[in-house]
Amino acid sequence: MAEPIIAQKAPYEVDVESGKEYWWCACGASKKQPFCDGSHKGTGMTPMQYMAAASQKVWFCGCKRTASKPTCDGTHKRI
Ligand code: FES
Ligand code: FES
């Protein structure tokens with residue numbers, strides 16, 4: 001499987017809403033980062049579901065290399 005595209009070497013800060021479902025782009029090709037827009041078709045990669053347990057700020061990984069998907073774990077500083 002190909003490596004995901006690095007959308008940006010920094011997280012995307014998003015205000016999520018409690019109880020709402022989000023689909024994080026794992027492939028890096030989406031034009032609606034950090035979320036999936038269907039561009040992964042043909043890559044063998046699929047988006048990851050994120051259910052917001054609370055209304056709060058979430059930092060979604062933009063480099064697509066985090067070990068704690070879908071949120072940023074600081075890995076982007078080493079790529
Ligand atoms: Fe990247 Fe869907 S566009 S996972
Ligand atoms: Fe990917 Fe921080 S943006 S680990």
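In listed order, ligands and their atoms are each counted from 1. Computed from a predicted structure; not experimentally measured. These values consider heavy atoms only, across backbone and side chains, with no hydrogens, waters or symmetry-generated copies.
Taking the six-membered ring where the residue is Trp, the centroids of Y12 and F35 are separated by 6.0 Å or more.
Note: angle at atom 2 (Fe) of ligand 2, from SG of C72 to ND1 of H76, is 100° (rounded to 10 degrees).
Taken to the nearest 0.5 Å, the SG atom of C72 stands 13.5 Å off from the CZ atom of R65. Note that NE2 of H76 is 10.0 Å distant from OG1 of T66, once rounded to the nearest 0.5 Å.
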What side-chain donor-acceptor pairs closer than 3.5 Å can you find for residues 44-52, not counting sequence neighbours?
{"unit_1": "Q49", "atom_1": "NE2", "unit_2": "E21", "atom_2": "OE2", "d": "2.6"}

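Applying the 4.0 Å criterion to heavy atoms of D37 picks out, from ligand 1, the atoms 3 (S). Against a heavy-atom cut-off of under 4.0 Å, P11 is close to the following atoms of ligand 2: 3 (S). In summary, the atoms of ligand 2 found under 4.0 Å from a heavy atom of G62, numbered by their order in the structure, are 1 (Fe), 3 (S). Every atom of ligand 2 with a heavy atom of D73 under 4.0 Å away is listed here by number and element: 4 (S). Every atom of ligand 2 is numbered from 1 in the order shown, and the set under 4.0 Å from a heavy atom of C63 is 1 (Fe), 3 (S), 4 (S).
Counting heavy atoms under 4.0 Å from ligand 1, residue A26 touches it through the backbone alone.
Ranking protein heavy atoms by distance to atom 2 (Fe) of ligand 1, first place goes to H40 ND1, 2.2 Å.
Between K31 and D37 no salt bridge is recorded (no basic side-chain N to carboxylate O distance below 4.0 Å).
Closest approach of Y22 and V16 over heavy atoms only: OH-CA, 3.3 Å.
Using a 3.5 Å distance cut-off with no hydrogens or angles, the side chains of Q8 and K64 do not pair a donor with an acceptor.
Put simply, C27 gets within reach of atom 1 (Fe) of ligand 1, with an N, O or S atom under 2.8 Å from it.
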